[in-house]
Trainee: 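Dropping the structure in here first, questions after.
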There are 4 protein chains.
Amino acid sequence: MMNRVVLVGRLTKDPDLRYTPSGVAVASFTLAVNRTFTNQQGEREADFINCVIWRKPAENVANFLKKGSLAGVDGRIQTRSYDGQDGKRVYVTEVLAESVQFLEPRNSSGNNRSDNMNYGAPREQDNPFGGSNNYQNQRPQTNRNNQDYTRVDEDPFANSGQIDISDDDLPF
Amino acid sequence: MMNRVVLVGRLTKDPDLRYTPSGVAVASFTLAVNRTFTNQQGEREADFINCVIWRKPAENVANFLKKGSLAGVDGRIQTRSYDGQDGKRVYVTEVLAESVQFLEPRNSSGNNRSDNMNYGAPREQDNPFGGSNNYQNQRPQTNRNNQDYTRVDEDPFANSGQIDISDDDLPF
Amino acid sequence: MMNRVVLVGRLTKDPDLRYTPSGVAVASFTLAVNRTFTNQQGEREADFINCVIWRKPAENVANFLKKGSLAGVDGRIQTRSYDGQDGKRVYVTEVLAESVQFLEPRNSSGNNRSDNMNYGAPREQDNPFGGSNNYQNQRPQTNRNNQDYTRVDEDPFANSGQIDISDDDLPF
Amino acid sequence: MMNRVVLVGRLTKDPDLRYTPSGVAVASFTLAVNRTFTNQQGEREADFINCVIWRKPAENVANFLKKGSLAGVDGRIQTRSYDGQDGKRVYVTEVLAESVQFLEPRNSSGNNRSDNMNYGAPREQDNPFGGSNNYQNQRPQTNRNNQDYTRVDEDPFANSGQIDISDDDLPF
DNA sequence: TTTT
DNA sequence: TTTT
């Protein structure tokens with residue numbers, strides 16, 4: 001009925017970009033969000049929050065954010081489950097990002113483009129059914145590290161504990 | 001750096017109230033938040049989001065909310081980990097509620113008191129060090145179902161998969 | 001760069017539905033949001049927050065909410081200005097609702113349809129350019145009070161202090 | 001009942017720090033929050049959102065933020081009214097910040113201290129009744145521009161259109 | 001399994 | 001009355 005999350009933190013690693021069998025892009029990344037208070041031992045801790053973003057913004061995230069980047073996320077909490085390798089059900093709570101905001105100053109790391117662009121915003125590209133956007137088998141033009149992105153039928157999310165990603169996981 | 005969550009949904013069960021060894025109250029509950037869109041099969045799904053709240057508001061939650069209650073939560077996402085019974089580390093993502101809003105109409109279920117009271121708000125009772133409030137070993141005056149609340153040294157969170165709760169888990 | 005608002009409160013009046021010259025629906029309403037704390041005199045006060053919503057959700061709001069309805073709003077803060085009748089510029093801060101959640105129990109007032117429907121959600125109807133939706137000159141099928149809705153060239157927002165509304169006010 | 005705002009944007013001017021007659025600090029500032037979409041003319045616009053923060057965090061804001069600083073605000077919307085100089089009531093909608101996050105990189109402007117400190121967080125200093133904090137007549141130790149801060153009985157908010165600020169305006 |  |  002209402003479900004809203006806003007985060008600002010730093011990526012713990014480079015984002016991970018995958019494609020579903022039908023060619024839809026998904027990026028996943030973890031945000032380290034430092035707490036504003038200290039624990040009983042006087043240490044400042046952080047929450048490590050897993051985030052997922054789909055379609056064009058996923059490719060923007062993969063192209064413009066990297067380990068250590070300061071980013072803002074606006075989205076919602078999503079829970080899902082899948083069968084773990086040991087046979088029992090694994091429950092996941094993560095943030096489905098609807099937009100990701102790049103908060104690094106423009107000249108901070110050199111390989112980033114314009115400042116403060118919002119990666120989920122233009123409503124029509126965000127819309128799965130809108131316009132003429134077809135992400136099927138599409139490859140990003142710009143690619144930070146030139147790797148060949150894994151397609152999901154070639155074992156996506158292998159190292160993130162999720163065995164299989166399908167088009168059924170699409171948020172809308 | 002920034003971490004904010006707002007949810008409105010219904011409790012999937014009665015809230016679960018525990019006490020730490022030093023007597024601090026903790027309530028946990030799960031909110032079912034219906035999605036506003038349907039999946040590929042045209043079904044409306046829900047996210048099941050685990051929430052935790054501490055101190056006096058925890059007791060209010062235990063006393064005034066029950067399975068099916070419509071409630072709003074304002075808080076933040078918290079991640080933590082503990083050693084599972086099988087020896088490997090379990091990672092948990094949940095919402096630390098800072099305030100819980102009761103959204104049921106006053107006359108809906110009969111045993112609820114005033115409408116729309118906010119359970120975390122009065123800052124001074126919320127403050128662990130503030131004023132003369134001492135929740136240590138305190139028992140709620142009103143008690144919906146008159147059970148004798150488990151103290152944590154008597155196996156708290158036993159059925160929720162967490163073996164041990166300590167005062168170190170206090171959010172501030 | 002980031003701008004997110006979540007509110008739950010009650011409508012102070014029936015919502016006000018207008019149409020731009022090109023036929024786009026706009027509803028405006030005020031939410032009374034009770035504060036969770038009391039002032040120096042021990043009184044509980046409220047904030048009265050003006051909200052605006054466009055297109056199909058505007059018509060849903062007009063059809064399903066009325067004075068006193070409990071509603072949730074997810075949106076963003078918008079500022080705008082116009083020339084007042086006394087010649088000087090008037091500055092307005094209001095909430096642009098992206099979705100409105102009806103939180104009244106289903107049987108509470110009789111003339112409401114299903115419970116907890118979300119009025120802004122289905123992304124494709126929300127999209128101004130999406131699909132085959134054309135709201136131009138469209139009239140709501142269901143109409144709570146059967147009035148003939150004012151079109152904006154017939155002096156819309158006359159009683160709300162804004163002299164003129166145009167298609168330029170569309171949020172996207 | 002629920003009222004939550006999260007913003008990230010840039011200060012349009014240096015923050016304005018005042019004191020109530022009883023010595024409580026208040027800072028006000030405007031955040032320019034760029035929209036993520038463009039208007040009909042293809043221009044990217046911004047919302048200019050007035051924010052207010054009280055007590056110790058107000059002094060931190062005054063000391064560490066200035067025109068152009070990137071900042072995050074977590075708070076709520078507040079409405080209030082006062083009698084304008086022309087005799088008629090003026091209605092104000094603004095954001096009451098509960099915490100302000102400094103998002104500028106540490107070495108960006110030279111005169112800022114540590115990175116990403118949160119200015120409203122430590123709950124006990126935030127609490128008006130908590131601990132031994134007494135802001136009465138207190139002057140900030142660090143002062144960016146060494147001006148002598150106006151006290152409110154010496155015409156505070158004179159240039160912001162509000163004639164008088166009193167301790168009754170304290171949010172809690 | 002974590003970021004500055 | 002607006003910021004990068």
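Chain letters run A, B, ... following the sequence lines, proteins first and then strands; every chain starts at 1.
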Trainee: Could you work out which one of F/dT2, E/dT3, F/dT3 sits closest to the side chain of A/F48?
Mentor: E/dT3

Trainee: Start with the C-alpha distance between C/D74 and C/R4, add both sets of side-chain angles, then the distance that settles side chain to side chain contact (heavy atoms under 4.5 Å, CB included), and finish with yes or no.
Mentor: CA-CA 8 Å; C/D74 188 344; C/R4 182 54 56 182; 2.6 Å; yes

Trainee: Expressed in angstrom and rounded to an integer, what is the separation of D/N50 atom CG from F/dT1 atom C1'?
Mentor: 10 Å

Trainee: Nearest whole angstrom, please: distance from the P of F/dT1 to the NZ of C/K88.
Mentor: 12 Å

Trainee: Quickly work out the C/Q78 CD to F/dT2 P distance and round it to whole Å.
Mentor: 18 Å

Trainee: I want to verify a distance call: between E/dT1, E/dT3, F/dT3, whose nearest atom is closest to the D/A32 side chain?
Mentor: F/dT3

Trainee: From the set F/dT3, E/dT4, E/dT2, return the single nucleotide nearest to any side-chain atom of A/N34.
Mentor: E/dT4

Trainee: Report the distance from atom CG of D/L65 to atom P of F/dT2, rounded to the nearest whole Å.
Mentor: 21 Å

Trainee: In this structure, how many angstroms lie between the P atom of E/dT3 and the CG atom of B/N3, rounded?
Mentor: 18 Å

Trainee: Name the closest nucleotide to the C/R89 side chain, picking from F/dT1, F/dT3, E/dT2.
Mentor: F/dT1

Trainee: I need the CG-P distance between A/L31 and E/dT3, as an integer number of Å.
Mentor: 13 Å

Trainee: Just the rounded figure in Å: distance from P of F/dT3 to CZ of D/F102.
Mentor: 18 Å

Trainee: Main chain of A/K67, side chain of A/D14: is a donor-acceptor contact present, judged purely on distance under 3.5 Å?
Mentor: yes

Trainee: What's A/G68 touching, base or sugar-phosphate or nothing? Going by heavy atoms closer than 4.0 Å.
Mentor: sugar-phosphate

Trainee: So, applying side chain to side chain contact (heavy atoms under 4.5 Å, CB included) with C/N3, which one of D/L7, D/L31, D/N34 is it?
Mentor: D/L7

Trainee: Are C/K88 and C/D83 within salt-bridge range, i.e. N to O under 4.0 Å?
Mentor: no

Trainee: Measure from CE on B/M2 to P on E/dT3 and round the result to the nearest Å.
Mentor: 22 Å

